[in-house]
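All remarks here apply to the structure that follows.
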Amino acid sequence: SSYVKNLKPSGKVVAQAYYGCAPIQIAFDVYVDAPLYPTSITWNYGDGTGNTTCSNCAATHHTFTSSGTYTVTAIYATSTSCLDTVQTTVTIGTKPSTNFTATPLIACTSDIISFTNSSTGANGYEWDFGDGIQSNLTNPTHSYVVADTYSVRLISMDYGCRDTLTRIDYIAISGPRAGFTAAYSC
């Protein structure tokens with residue numbers, strides 16, 4: 001007796017981007033390891049917008065309008081009626097609001113400057129202190145070793161969303177000053 005064995009296809013969903021800032025349009029592709037190309041694909045983007053079914057389409061795009069983590073699902077069928085489900089996850093953020101202060105604003109070399117981050121809506125930070133030193137701490141401290149005036153930049157991030165604040169000539173650092181007096185005596 002002879003028979004035909006249909007092998008279940010295997011595949012994956014690949015996203016153009018796995019995170020971004022709402023609203024964002026992301027392209028998706030289904031890649032299938034099977035001798036037969038999918039004849040129909042039902043997409044569900046996990047954001048409550050419902051299912052979209054298309055024929056002979058391995059690529060699509062979708063606009064995410066709200067922040068959150070979404071499971072994108074593609075159910076595809078081949079011409080031999082084999083079905084498979086593949087998924088991927090995307091995380092969509094919202095633009096944070098960046099703000100910070102520093103104390104003191106006028107100091108001497110080697111004094112410790114404390115930076116207070118009052119940004120909202122962020123889950124990561126990139127500080128640039130203007131002297132080639134950077135930090136990813138929320139509220140860092142920093143000492144300057146060269147007398148000069150420094151601009152400070154803070155970038156707040158939330159899953160691909162970025163907001164930047166640069167304070168120009170914000171920190172003034174003075175070098176040491178020698179002080180002496182002369183006394184005349186006979």
Legend entry - Inter-residue atom distance Q134.CD - I155.CD1, 0.5 Å rounding: 8.5 Å
Inset, instruction - With sequence neighbours left out, write down each residue that passes side-chain hydrogen bond (donor to acceptor under 3.5 Å, both in side chains) with T120, or none if nothing qualifies. - result: none
Inset, instruction - Working to the nearest 0.5 Å, report the span between CG of D84 and NZ of K12. - result: 13.5 Å
Legend entry - D47: salt bridge (charged side-chain N to carboxylate O under 4.0 Å, His left out) partners, not counting sequence neighbours: none
Inset, instruction - With sequence neighbours excluded, tell me which residues meet side-chain hydrogen bond (donor to acceptor under 3.5 Å, both in side chains) with Y45. - result: T60
Legend entry - Validation row: E126, R162 side chains within 4.5 angstrom (heavy atoms): yes
Inset, instruction - Taking all heavy atoms of I41 and all of A74, pick out the closest pair and write down the distance. - result: CG2-CB, 4.0 Å
Could you list the donor-acceptor pairs under 3.5 angstrom formed by side chains in residues 99-115, with sequence neighbours left out?
{"unit_1": "N99", "atom_1": "OD1", "unit_2": "R167", "atom_2": "NH2", "d": "2.7"}
{"unit_1": "D111", "atom_1": "OD2", "unit_2": "C108", "atom_2": "N", "d": "2.9"}

Legend entry - Inter-residue atom distance T52.OG1 - H62.NE2, 0.5 Å rounding: 8.0 Å
Inset, instruction - Answer yes or no: is there a side-chain heavy-atom contact under 4.5 Å between D131 and H142? - result: yes
Legend entry - Listed partners of D128 passing salt bridge (charged side-chain N to carboxylate O under 4.0 Å, His left out), at least two apart: R153
Inset, instruction - Check the hydrophobic clustering (I, L, V, M, F, W, Y; side-chain heavy atoms under 4.5 Å; chains of links allowed) and say if I171 and I133 are grouped together. - result: yes
Inset, instruction - Spell out, yes or no, whether V146 and V152 are grouped together once hydrophobic residues are joined by side-chain heavy atoms under 4.5 Å, including indirect joins. - result: yes
Legend entry - Interatomic distance, C21 atom SG to M157 atom CE [nearest 0.5 angstrom]: 13.0 Å
Legend entry - Residues which pass side chain to side chain contact (heavy atoms under 4.5 Å, CB included) with T138, listed by chain and number, not counting sequence neighbours: N117, Y125
Inset, instruction - State which residues pass side chain to side chain contact (heavy atoms under 4.5 Å, CB included) with A15; sequence neighbours excluded, sorted by chain then number. - result: Y18, I26, F28, V90
Inset, instruction - State, with a plain yes or no, whether a side-chain heavy atom of W43 is found less than 4.5 Å away from one of V30. - result: yes
Inset, instruction - Please name all residues satisfying side chain to side chain contact (heavy atoms under 4.5 Å, CB included) with D163, sequence neighbours left out, ordered by chain then number. - result: K95, P96, T98
Legend entry - ILVMFWY network linking L137 to W127, side-chain heavy atoms under 4.5 angstrom: no
Inset, instruction - Could you tell me whether a side-chain N or O of Y144 sits under 3.5 Å from a main-chain N or O of G130, the two making a donor and an acceptor? - result: no
Inset, instruction - Working to the nearest 0.5 Å, report the span between CD of Q87 and CD1 of I75. - result: 8.5 Å
Legend entry - Beyond-backbone contact of V72 with F64, side-chain heavy atoms, under 4.5 angstrom: yes
Legend entry - Note, T91 side chain near T69 side chain (heavy atom, < 4.5 Å): yes
Legend entry - Within 6.0 angstrom of Y170 OH, more than 12 heavy atoms from elsewhere: yes
Legend entry - Main-chain N/O of A147 paired with Y150 side-chain donor or acceptor, under 3.5 Å: no
Legend entry - Check: S151 side chain, D169 main-chain N or O, donor-acceptor pair, under 3.5 Å: yes
Inset, instruction - State, with a plain yes or no, whether a side-chain heavy atom of T85 is found less than 4.5 Å away from one of L83. - result: no
Inset, instruction - List in chain and number order the residues that pass side-chain hydrogen bond (donor to acceptor under 3.5 Å, both in side chains) with T53, two or more places apart in sequence or in another chain; answer none if no residue qualifies. - result: T42
Inset, instruction - Write down the atom of A22, the atom of C161, and the distance for their closest heavy-atom approach. - result: N-SG, 4.2 Å
Inset, instruction - Using the test side chain to side chain contact (heavy atoms under 4.5 Å, CB included), find all partners of N123 that sit at least two apart in sequence or belong to another chain. - result: D158, Y159
Legend entry - Residues forming a side-chain hydrogen bond (donor to acceptor under 3.5 Å, both in side chains) with T94, sequence neighbours excluded: none
